[in-house]
Amino acid sequence: MLLLQYHNLLIQSILTERFSPNSQPVSIDQVISDFDNVTYHISTPESKTKILISLSIKCFNDLKKYGVEELLQREYGPYIVSAPEVGYDFSMVVDLEKLPPELDAKEALIEKIALLKRNALAAPFEKAFAQYDELAAEAAKSSLDLSVPEDSGADVMPIHYRDEESIFIKASHDRVTVIFSTVFREETDRVFGKVFLQEFVDARRRAIQNAPQVLYSHKEPPLEIRSVPGLKASDDIGYVTFVLFPRHITKDRRENCISHIQIFRDYFHYHIKCSKAYMHSRMRFRVAEFLKVLNRAKPEVAEKERKTASGRRFGAR
């Protein structure tokens with residue numbers, strides 16, 4: 001079962017309702033915004049029985065270099081329209097009158113459409129894994145020594161999927177390296193991010209020996225991507241490196257690996273925000289407790305007996 005995010009589940013819910021045999025065709029015009037500058041548009045512009053699903057993704061021109069059009073053709077061939085909707089990079093049409101009759105086939109189609117963004121971003125990863133297979137085979141044939149230079153292997157594939165952040169993928173004969181550049185706008189984000197990423201690094205040492213190696217560098221880009229033009233050295237930028245060894249990218253693990261590593265940036269920043277929210281809630285709780293202590297510490301003012309000049313008490317009759 002591939003990993004589904006909230007936006008995928010929303011698309012899945014809409015299509016499940018429309019694909020139901022008891023559902024009456026209705027007009028649809030819904031825009032769904034996803035992470036990483038991705039937008040979906042689900043509509044029925046021509047007919048209520050023909051659902052148009054369009055995708056806009058910032059890095060689509062980068063993905064074209066790595067075979068995204070061939071991958072989408074493989075996954076959605078009969079449903080692809082020749083000219084995408086205006087303002088979008090990819091469009092497909094599903095005719096409700098020509099759906100497969102089997103329930104399992106319908107569910108598989110719904111899940112495949114919900115994973116449109118995932119499948120588009122899978123193109124450079126699949127290309128990197130294919131390059132790894134070729135390089136590993138060449139190394140085995142020539143009995144290449146393991147001490148290869150650092151700059152050996154395939155070219156780096158940059159994917160500029162956000163305004164100031166990118167993913168870099170590089171295949172070698174014994175590994176595939178995936179590097180995320182991430183921008184920290186606030187000092188507190190940098191502190192939380194460093195602590196969180198250090199846990200990733202330490203987890204492999206302490207308990208999870210089979211996990212991918214995780215490295216974190218601040219300001220300076222890792223050695224694998226220093227030749228890539230346009231990189232900036234800044235206090236706001238950090239680089240997270242995942243080193244995928246052969247045991248992580250076997251044939252039966254690749255699909256799952258692609259699904260999980262794509263959403264690392266969202267996962268990472270989500271946990272930073274959750275950590276900040278938790279710290280704020282704890283601080284508010286402590287302030288409330290301290291106020292209770294201060295209120296209990298106030299001395300009680302004893303009521304003094306008051307008398308008039310003649311000696312009578314106030315209130316006495």
Side-chain angles (χ1 to χ4, degrees), residues 2-3 59 61-72 74-75 118-161 165-182 197 200-205 207-218 220-231 238-265 267-268:
L2 294 172
L3 195 64
C59 58
N61 288 331
D62 289 335
L63 297 176
K64 282 183 178 179
K65 305 173 189 174
Y66 312 131
V68 68
E69 292 173 318
E70 293 79 5
L71 189 150
L72 294 175
R74 182 189 76 199
E75 295 291 332
R118 180 264 173 206
N119 290 335
L121 284 174
F125 290 93
E126 290 194 3
K127 182 175 181 178
F129 293 155
Q131 291 173 341
Y132 158 76
D133 290 337
E134 293 176 5
L135 293 170
E138 290 175 6
K141 279 183 182 179
S142 59
S143 300
L144 188 65
D145 187 79
L146 292 179
S147 56
V148 292
E150 287 291 335
D151 60 348
S152 65
D155 294 334
V156 176
M157 292 185 285
I159 309 157
H160 306 291
Y161 71 120
E165 300 178 359
S166 304
I167 303 173
F168 305 92
I169 308 173
K170 178 180 174 63
S172 302
H173 78 283
D174 61 344
R175 70 190 67 186
V176 174
T177 305
V178 182
I179 301 170
F180 289 82
S181 67
T182 184
L197 290 169
F200 265 75
V201 176
D202 294 342
R204 187 170 183 266
R205 297 175 185 169
I208 313 174
Q209 297 296 325
N210 292 327
Q213 185 179 11
V214 181
L215 306 170
Y216 174 65
S217 57
H218 182 53
E220 290 296 327
L223 186 62
E224 292 89 348
I225 62 172
R226 287 183 186 173
S227 61
V228 176
L231 293 181
Y239 294 91
V240 186
T241 302
F242 289 88
V243 182
L244 305 176
F245 293 108
R247 63 177 177 273
H248 304 126
I249 50 177
T250 56
K251 298 290 186 181
D252 57 331
R253 292 183 176 179
R254 290 182 180 181
E255 292 299 314
N256 199 37
C257 177
I258 292 172
S259 299
H260 282 83
I261 203 166
Q262 278 183 10
I263 62 171
F264 167 74
R265 193 267 179 198
Y267 170 86
F268 178 40

>> Please tell me whether Thr182 and Arg265 have a donor and an acceptor in their side chains that are separated by less than 3.5 angstrom.
In response: no

>> For a 4.5 angstrom cut-off between non-hydrogen side-chain atoms, does Val178 reach Phe125?
In response: yes

>> Which heavy atom of Ile169 sits nearest to which heavy atom of Pro124, and what is that distance?
In response: CD1-CB, 3.9 Å

> Lys170 side chain to Ala154 main-chain N or O, any donor-acceptor pair under 3.5 Å?
Replying inline: yes

> Does the pair Gln262 and Arg118 meet the rule for a side chain to side chain contact (heavy atoms under 4.5 Å, CB included), with working shown?
Replying inline: CA-CA 8 Å; Gln262 278 183 10; Arg118 180 264 173 206; 3.6 Å; yes

> Between CG of Asn256 and NE2 of His260, what distance do you get to the nearest 0.5 Å?
Replying inline: 5.0 Å

>> Under 6.0 Å between ring centres: does that hold for Tyr239 and Phe168?
In response: no

>> Restricting to non-hydrogen atoms, name the atom on Arg226 and the atom on Pro221 that form the minimum distance, rounded to 0.1 Å.
In response: NE-O, 2.9 Å

>> Using the rule given for side chain to side chain contact (heavy atoms under 4.5 Å, CB included), can you reason through Tyr161 versus Asp62, listing the C-alpha separation, both sets of side-chain angles and the distance that settles it, and then say yes or no?
In response: CA-CA 9 Å; Tyr161 71 120; Asp62 289 335; over 6 Å; no

> Between Phe180 and Phe268, does a ring-ring contact (aromatic ring centres under 6.0 Å, His included) hold up when you go through it step by step?
Replying inline: CA-CA 11 Å; Phe180 289 82; Phe268 178 40; 9.4 Å; no

>> For Arg247 versus Ala211, what's the shortest heavy-atom pair and its separation?
In response: NH2-O, 4.2 Å

> If you take all heavy atoms of Ala122 and Leu71, which pair is closest and at what distance?
Replying inline: C-CD1, 4.1 Å

> Is there a side-chain contact between Ile167 and Leu121, using heavy atoms and a 4.5 Å cut-off?
Replying inline: no

> Got Phe245 and Gln213 here, is their nearest side-chain heavy-atom distance under 4.5 Å?
Replying inline: yes

> Would you say Asp133 has more than 12 foreign heavy atoms packed within less than 6.0 Å of its CG?
Replying inline: yes

> When rounded to the nearest 0.5 angstrom, what is the spacing between CD1 in Ile225 and OG in Ser166?
Replying inline: 8.5 Å

>> So which atom in Cys59 and which in His160 form the shortest heavy-atom distance, rounded to 0.1 Å?
In response: CB-O, 3.5 Å

> For Ile249, does its backbone N or O pair with a side-chain atom of Arg254 as donor and acceptor, under 3.5 Å?
Replying inline: yes

> With a 4.5 Å limit on heavy-atom distance, are the side chains of Ile159 and Tyr66 in contact?
Replying inline: yes

> Using 4.0 Å as the upper bound for N to carboxylate O, is an ion pair formed by Arg74 and Glu126?
Replying inline: yes

>> Once side-chain contact (heavy atoms from CB on, under 4.5 Å) is applied, do any residues pair with Thr241, and if so which ones, sequence neighbours excluded?
In response: Thr177, Ile179, Leu215, Pro222, Val243

